[in-house]
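Take a look at the structure below.
Note: hydrogens, waters and symmetry copies are ignored here, and every other heavy atom, side chains too, is used.
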Amino acid sequence: MSGTDGGGKSGTGDTGSRAGDSAGPAPGGGGGAAPALTTPRGRRPVVAALMLGMALAAIDGTIVSTAVPQIVGDLGGFTVFSWLFSGYLLAVTVTLPLYGKLSDTFGRKPVLIAGIILFLAGSVLCAAAWNMAALIAFRIVQGLGGGALQGTVQTIAADLYPLKERPRIQAKLSTVWATSAVAGPVVGGLLAGYADWRWIFLINLPVGAVALWLVVRHLHEPARPRPAARPRVDWAGALAVFATGALLLTALVQGGVAWPWLSAPSLGLFGISAVLAALTVVIERRAAEPIIPGWVWRRRTIASVNLALGAMGLLMVAPTVFLPTYAQSVLGLGPIAAGFVLSVMTLSWPVSAALSDRVYNRIGFRLTAIVGMSCALLILLAFPLLPYPGAPWHPALLMLLLGAALGLFQLPLIVGVQSTVGWAERGTTTASVLFCRQVGQSIGAAVFGAVANGVLAARLLDAPVSGLPDDLDAVARTLEDPGGLSAAATDYLRRAVDAAVDHVYIGAAGAAALALLALITLAPRRFPVITETPAAADTAGADIMDRHTTPTDQG
């Protein structure tokens with residue numbers, strides 16, 4: 001493998017001594033021979049299965065949003081419909097660590113198969129829901145499968161490809177995610193408008209069935225040496241992690257929406273979450289095979305990437321949640337045009353990710369990510385400088401640049417951290433990264449929602465007319481049809497929304513600064529990459545090879 005890491009030493013991207021981490025491989029993992037995934041007819045069928053699985057998980061969050069009016073009109077439950085999204089998000093987030101550990105213990109294939117089956121079962125149940133409570137419960141079942149899909153797909157992608165080729169598969173998965181984000185609302189709107197909202201869930205079945213067939217037929221994991229002792233699953237730790245995450249995310253998602261932040265429900269949920277978090281630490285420290293092992297946070301490389309991607313999840317709330325409101329309420333665009341302003345970010349992201357290996361092979365994973373997030377920081381700070389009301393191409397250009405910057409940031413970190421561990425630790429490592437990103441998004445939605453509503457409420461104290469709404473969602477709905485407002489009041493509301501979103505972007509820039517701080521202060525200068533050397537080609541003529549991993553101390 002060739003390239004330089006900026007320090008004049010040879011290696012691929014970031015290679016260095018494990019002195020950069022405070023702990024070596026966990027027992028039973030890390031070094032030694034990595035069980036390569038083999039496919040009798042090559043990697044392509046498995047890659048197709050991974051892309052279909054990723055599409056299922058990616059499109060689910062956006063396809064439902066456009067059908068909410070039809071769902072509420074049919075089933076009722078307007079006051080709790082937000083749990084269609086919150087329940088799914090909770091289930092995905094809190095199960096990621098469990099699935100990561102299970103895939104390291106029992107293999108990727110059974111976990112992925114179980115995840116697809118659970119997701120499809122949840123889809124069938126959602127299509128058959130008879131009221132809103134049942135639909136929310138079945139969405140949680142979907143989320144339990146979605147957690148397995150997200151984490152295991154990313155892990156298998158790293159298993160399939162050696163370090164030099166991983167940007168290729170990661171770029172494909174990023175493209176699937178971006179395409180699904182754009183296509184979801186369109187497909188959901190068409191099905192809800194011209195068919196029935198239940199088809200939104202039923203169309204998952206053929207896609208999932210093909211993915212399941214490809215996995216069962218073409219994904220082959222070589223037999224691993226039989227362990228001396230029967231693998232034990234830390235069910236107590238899994239339950240503790242699930243309960244802690246569920247209560248914490250419920251407090252974050254519902255705080256300021258269903259009840260005030262300083263109310264008894266919020267304080268009670270946060271207090272119980274803190275107690276459960278302490279109990280989880282005690283359980284995990286005593287467990288023989290913990291769901292969240294201590295080495296995930298003791299190793300500088302993994303800990304720094306977890307924190308950096310958690311901060312990225314935090315800042316992503318600004319464009320994904322608040323930019324559409326800005327585009328419609330301030331710029332006066334329709335929903336489709338507002339969606340386009342956001343979607344340009346999904347165009348540049350996978351392109352930047354696909355080309356990122358040309359950068360990190362020269363300057364290293366850490367420095368590439370620092371460059372990407374530094375650019376993102378400047379772009380986020382530029383948003384409040386846009387003229388009012390401005391032209392739609394102004395924020396669209398910034399989002400195009402932001403997508404390119406974040407593609408240069410995220411993919412090198414994911415590829416880099418997956419390359420610092422062996423097969424037996426890769427599932428847990430990948431799950432910890434995705435878990436932190438998901439938690440960051442939940443925290444960001446809560447924090448920036450409070451910031452936006454606080455700024456808006458302050459501006460509305462001096463409003464030219466009385467009786468105006470005092471939260472962002474209500475103001476946005478008012479501006480959709482401002483017939484009852486004077487021109488001055490309408491302009492004042494638009495300026496108030498503009499100020500609120502500007503403050504959110506400043507907060508997002510602060511999150512970008514936190515990501516940079518984590519990388520600069522915690523991440524080792526060169527990631528301790530485990531080198532991968534081809535051993536023997538598959539006798540069936542596949543293009544995937546068995547790979548043996550050994551730690552490297554280059555650099």
Side-chain angles (χ1 to χ4, degrees), residues 256 311-333 337-346 348-349 370-409 440-441 443-463 468-476 478-479 488-517:
M312 192 200 79
L314 195 70
L315 73 85
M316 281 299 297
V317 172
T320 57
V321 176
F322 291 92
L323 184 63
T325 299
Y326 172 87
Q328 294 183 66
S329 299
V330 178
L331 302 182
L333 301 179
F340 175 77
V341 172
L342 173 61
S343 68
V344 294
M345 182 175 69
T346 66
S348 58
W349 191 316
I370 288 175
V371 170
M373 188 52 75
S374 297
C375 294
L377 173 60
L378 295 177
I379 294 165
L380 292 167
L381 288 175
F383 188 91
L385 303 178
L386 293 178
Y388 173 86
W393 68 266
H394 293 155
L397 176 60
L398 288 184
M399 292 307 99
L400 187 71
L401 297 175
L402 183 62
L406 293 178
L408 199 62
F409 167 79
Q441 288 178 338
I443 294 174
V447 171
F448 293 147
V451 168
N453 285 324
V455 172
L456 200 62
R459 295 298 177 100
L460 292 178
L461 286 176
D462 299 323
L468 294 177
D470 58 356
D471 68 85
L472 191 60
D473 290 337
V475 169
T478 300
L479 288 175
T490 300
D491 182 69
Y492 190 88
L493 280 182
R494 294 190 189 280
R495 290 182 180 275
V497 173
D498 179 61
V501 177
D502 284 348
H503 280 75
V504 168
Y505 269 81
I506 293 173
L514 291 177
L516 286 174
L517 183 65

Could you go through residues 386-407 and list every donor-acceptor pair under 3.5 Å that involves a side-chain atom there, pairing it with any protein atom two or more places apart or in another chain?
| from | atom 1 | to | atom 2 | distance (Å) |
| --- | --- | --- | --- | --- |
| Tyr388 | OH | Asp491 | OD1 | 3.0 |
| His394 | ND1 | Ala391 | N | 3.2 |

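Between atom CZ of residue Arg495 and atom CZ of residue Arg459 there is a gap of 10.0 Å, rounded to the nearest 0.5 Å. Annotation: the span from Met373 atom CE to Leu380 atom CG amounts to 8.0 Å, rounded to 0.5 Å. If you take OG on Ser374 and CD1 on Ile379, they are separated by 10.5 Å, rounding to the nearest 0.5 Å.
Minimum interatomic distance between Ser329 and Val497 (heavy atoms only, all atoms of both residues): CB-CG1, 4.0 Å. Between Ala511 and Ala311, the closest heavy-atom pair is O-CB, 3.4 Å. The two residues Leu323 and Pro319 have their closest heavy-atom pair at CB-O, 3.0 Å. Residue Leu377 comes nearest to Ala509 through the heavy atom pair CD1-O, 3.1 Å, listed as atom of the first residue, atom of the second, then distance.
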- Query: How far apart are the C-alpha atoms of Val501 and Val330, what are their side-chain angles, what is the distance that settles it, and do they pass the side-chain contact (heavy atoms from CB on, under 4.5 Å) test?
  - Reply: CA-CA 10 Å; Val501 177; Val330 178; 5.9 Å; no

- Worked check of side-chain contact (heavy atoms from CB on, under 4.5 Å) between Phe383 and Val504: CA-CA 10 Å; Phe383 188 91; Val504 168; over 6 Å; no

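For residues 496-509, no pair satisfies side chain to side chain donor-acceptor pair (under 3.5 Å), with sequence neighbours left out.
Qualifying side-chain contact (heavy atoms from CB on, under 4.5 Å) partners for Ala513, counting only residues two or more places apart in sequence or in other chains: none.
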